[in-house]
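First comes the structure, then the notes that go with it.
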Amino acid sequence: MPTRMSSLEDRDLHQRIDADLRRFLAEHQVLDLPAAVMQEIDAIRARFAASYVAS
């Protein structure tokens with residue numbers, strides 16, 4: 001079973017996947033969430049913290 005295409009350098013599938021994932025993680029930029037979404041997340045976290053402490 002071939003592990004490469006003729007247009008790619010001679011690396012096996014796992015090496016290519018590893019390189020792609022490392023590049024993705026190094027270059028990925030997380031977009032800011034809208035303020036309303038962040039407020040809702042904060043409210044959910046606060047409710048969880050209050051219920052966790054009460055238990």
Side-chain angles (χ1 to χ4, degrees):
M1 180 168 126
T3 59
R4 69 180 185 92
M5 296 172 54
S6 61
S7 63
L8 299 175
E9 55 186 273
D10 192 16
R11 294 182 297 159
D12 72 19
L13 178 62
H14 293 109
Q15 290 172 324
R16 292 195 319 265
I17 291 171
D18 184 64
D20 288 346
L21 289 174
R22 289 179 187 276
R23 182 179 44 80
F24 176 78
L25 291 172
E27 297 173 1
H28 182 67
Q29 301 266 329
V30 177
L31 300 176
D32 290 336
L33 293 173
V37 173
M38 290 304 300
Q39 289 172 348
E40 185 61 27
I41 291 171
D42 289 342
I44 291 168
R45 293 175 75 192
R47 286 193 305 270
F48 171 77
S51 69
Y52 185 76
V53 172
S55 298

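Computation of the quantities below employed the complete heavy-atom set of this structure, encompassing side-chain atoms and omitting hydrogens, waters and symmetry-equivalent molecules. These numbers come from a predicted model, not from an experiment.
- How far CG of D18 is from CZ of R22: 4.0 Å, rounded to the nearest 0.5 Å.
- Of the residues listed (V37, L31, V30), the one engaging L33 in a side-chain contact (heavy atoms from CB on, under 4.5 Å) is V37, and it is the only one.
- Separation of atoms CG (D42) and CZ (R47) is listed at 11.0 Å; rounding is to 0.5 Å.
- Residue L25 is not grouped with residue I17 when hydrophobic side chains (ILVMFWY) are merged at heavy-atom distances under 4.5 angstrom, including chains of intermediate members.
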Determine whether R16 and D20 satisfy the following criterion, salt bridge (charged side-chain N to carboxylate O under 4.0 Å, His left out), listing intermediate values before the conclusion. CA-CA 6 Å; R16 292 195 319 265; D20 288 346; over 6 Å; no

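- No more than 12 heavy atoms of other residues, nucleotides or ligands shown are found within 6.0 angstrom of CG on D32.
- One N or O on the side chain of Q15 and one on the backbone of D12 form a donor-acceptor pair closer than 3.5 Å.
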